[in-house]
Asker: 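Sharing a structure, written as structure tokens. Questions coming.
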Amino acid sequence: MVDLVIIGSVALDSVKTPFGEVRNALGGAATYSGFAASFFCKPGIVAVVGEDFPEEHLKLLVRRGIGLEGVQRQGSTFRWQGYYEYDMNEAKTVRTELGSFAGFEPNLPDAYKEAGYVLLANIDPELQLKVLKQVKKPELTVMDTMNYWIQNKREKLLDVMGHADVLLLNDSEARQLFETPSLVKAAGKALALGPRHVVIKKGEHGALMFSSKSHFSAPGYPLENIRDPTGCGDSFAGAFIGHIAKSKDASEANLRKAIIYGSAVASFNAEDFSLERMKRLSMLEIEERYREFEEIRKF
Ligand code: AMP
């Protein structure tokens, strides 16, 4: 049994930032979000990796208690190459190779079908929907996406958004998708599609959450040592839904706490390349940073 089903990429990333470079390192939206969620609950990933995917990466995920019954192995692994300049809020994509994700037919293992929580992490919206339809009675569905799918599968993306309870977008994607410079207008258009809450992530500047009745603004964490922001959006998403799955509480007040947990884990993730920082992370450190967040927004 898993608490949380996550569909998304499991990838080999080649990333360059002003502070270093990695080639074919462990990455992918489901990897980052699954790892982040595993601090809070039992996630199970749905994905496909190729024959070229190192076994040690799978072992790492198993050691964290992440369910991999939904991960198939065939063909070639999803690969992403990108870089960041000194403004690390925006990833520049050099290359995206979908590999075996291109013809992937996700079949949910029985152990996943009863899960109460679903994270539709970054991948083709058609796959997101196919997975969601196989989960019997989700309590809460959170959806994330990115510019690649906004450009390539816009209509399908809008369709899937109608099935999500919480939509996560970063600020530039929200402006691009809803063709407006105003984040308030973008959030309004997103809510009109069906989600009850829309969370707009603003990289190092924090996050905003909108519903039809309220809005909430979370601060950014003043991080001194940022080396690689790859996977911050995914770590945010994983910790966000992980906290909700753990507490079984999707009230507005608890969604606000989930945003702070998401921000805390994402800030740690940026401190090193690939999953290196999360591998050394403890729940104690997450709780300490959560308290710092409480401190910095008191006035
Ligand atoms: P982010 O949290 O936005 O920094 O996500 C970074 C991760 O997303 C990387 O590890 C990539 O492997 C993965 N990724 C990049 N492009 C895509 C895409 N088009 N679909 C799914 N995952 C992607």
Side-chain angles (χ1 to χ4, degrees), residues 6-17 22-37 45-50 52-53 57 61 76-84 87-102 104 106 119-128 131 142-154 156-157 160 168-174 176-177 199-204 207 226-241 262-263 265-278:
I6 301 175
I7 165 78
S9 54
V10 172
L12 293 172
D13 287 348
S14 295
V15 179
K16 195 171 178 182
T17 80
V22 287
R23 296 217 157 259
N24 301 317
L26 176 61
T31 315
Y32 280 107
S33 55
F35 211 95
I45 290 177
V46 185
V48 58
V49 296
D52 53 346
F53 192 74
H57 294 336
L61 301 179
S76 54
T77 300
F78 183 109
R79 283 173 194 256
W80 179 73
Q81 186 183 350
Y83 67 94
Y84 299 82
D87 177 357
M88 303 254 247
N89 285 321
E90 201 197 337
K92 307 254 176 30
T93 294
V94 176
R95 210 152 37 97
T96 305
E97 287 173 20
L98 298 182
S100 299
F101 269 103
F104 180 45
L119 175 58
L120 307 176
N122 245 311
I123 199 62
D124 188 331
E126 310 220 18
L127 291 177
Q128 292 179 318
V131 166
V142 175
M143 177 186 180
D144 194 11
T145 194
M146 66 186 288
N147 49 11
Y148 183 92
W149 301 112
I150 295 175
Q151 278 146 23
N152 293 301
K153 294 269 173 108
R154 190 171 188 279
K156 193 71 199 175
L157 200 63
V160 183
L168 309 178
L169 284 169
N170 73 28
D171 46 1
S172 63
E173 291 156 2
Q176 181 188 1
L177 181 62
V199 177
I200 299 187
K201 300 165 284 172
K202 298 190 295 168
E204 63 183 323
I226 167 165
R227 297 191 72 208
D228 174 20
T230 307
C232 283
D234 309 314
S235 317
F236 177 98
F240 174 83
I241 194 166
S263 307
V265 176
S267 70
F268 280 115
N269 178 64
E271 291 178 2
D272 209 342
F273 282 85
S274 184
L275 278 87
E276 291 308 318
R277 184 62 181 95
M278 277 210 283

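Fair warning: this is a prediction, and the values are worked out from it, not measured in the lab. Ligands are counted one by one from 1 in listed order, and the atoms in each one are counted from 1 as well.
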Asker: Give the atom numbers and elements of ligand 1 that come within less than 4.0 Å of a heavy atom of A11.
Answerer: 12 (O)
Asker: Only heavy atoms of T230, strictly under 4.0 Å: list the atoms of ligand 1 that pass.
Answerer: 4 (O), 6 (C), 9 (C), 10 (O)
Asker: For Q81, which of K16, R95, K92 qualifies under side chain to side chain donor-acceptor pair (under 3.5 Å)?
Answerer: R95
Asker: Name the closest protein heavy atom to atom 11 (C) of ligand 1, giving the residue it belongs to and the distance to 0.1 Å.
Answerer: D13 OD1, 3.5 Å
Asker: Ignoring angles and geometry beyond distance, decide whether W149 reaches within less than 3.5 Å of ligand 1 through its nitrogen or oxygen atoms.
Answerer: yes
Asker: Please determine if G27 has a nitrogen or oxygen closer than 3.5 Å to a nitrogen or oxygen of ligand 1.
Answerer: no
Asker: Parallel, tilted or perpendicular, judged at 30° and 60°: which one describes the rings of F104 and F101?
Answerer: perpendicular
Asker: Does Q128 use its side chain to pair, donor to acceptor, with the backbone of D144 at less than 3.5 Å?
Answerer: yes
Asker: What residue among V22, L26, D13, T230 forms side-chain contact (heavy atoms from CB on, under 4.5 Å) with F273?
Answerer: V22
Asker: For the side chain of T77 and the backbone of G50, is there at least one donor-acceptor N/O pair under 3.5 Å apart?
Answerer: yes
Asker: Out of curiosity, L169 CG to N147 CG, how far, rounded to the nearest 0.5 Å?
Answerer: 11.0 Å
Asker: With the threshold set at under 4.0 angstrom, would you say F78 reaches ligand 1 through any of its heavy atoms?
Answerer: yes
Asker: Is there a nitrogen or oxygen of G233 sitting under 3.5 Å from a nitrogen or oxygen of ligand 1?
Answerer: yes
Asker: Among protein heavy atoms, which sits nearest to atom 21 (C) of ligand 1, and what does the distance come to when rounded to 0.1 Å?
Answerer: N122 O, 3.1 Å
Asker: List ligand 1 atoms under 4.0 Å from Y148, heavy atoms only on the residue side.
Answerer: 19 (N)
Asker: Any nitrogen or oxygen of G231, main chain or side chain, under 3.5 Å from a nitrogen or oxygen of ligand 1?
Answerer: yes
Asker: Could you report the tightest heavy-atom contact between R227 and T17, atom names first, then the distance?
Answerer: O-OG1, 2.7 Å
Asker: Give me the residue, atom name and distance of the protein heavy atom closest to atom 13 (C) of ligand 1.
Answerer: S9 OG, 3.8 Å
Asker: Using the side-chain contact (heavy atoms from CB on, under 4.5 Å) definition, which of the options V160, I150, L120, T145 pairs with P125?
Answerer: V160
Asker: Just which atoms of ligand 1 are under 4.0 Å from any heavy atom in Y32?
Answerer: 10 (O)
Asker: Ligand 1 and D234, any nitrogen or oxygen pair closer than 3.5 angstrom?
Answerer: yes
Asker: How does S235 reach ligand 1, if at all, at less than 4.0 Å between non-hydrogen atoms: by side chain, backbone, both, or neither?
Answerer: neither
Asker: Y84: which residues meet the ring pair (Phe, Tyr, Trp, His ring centres under 6.0 Å) condition with it, sequence neighbours left out?
Answerer: none
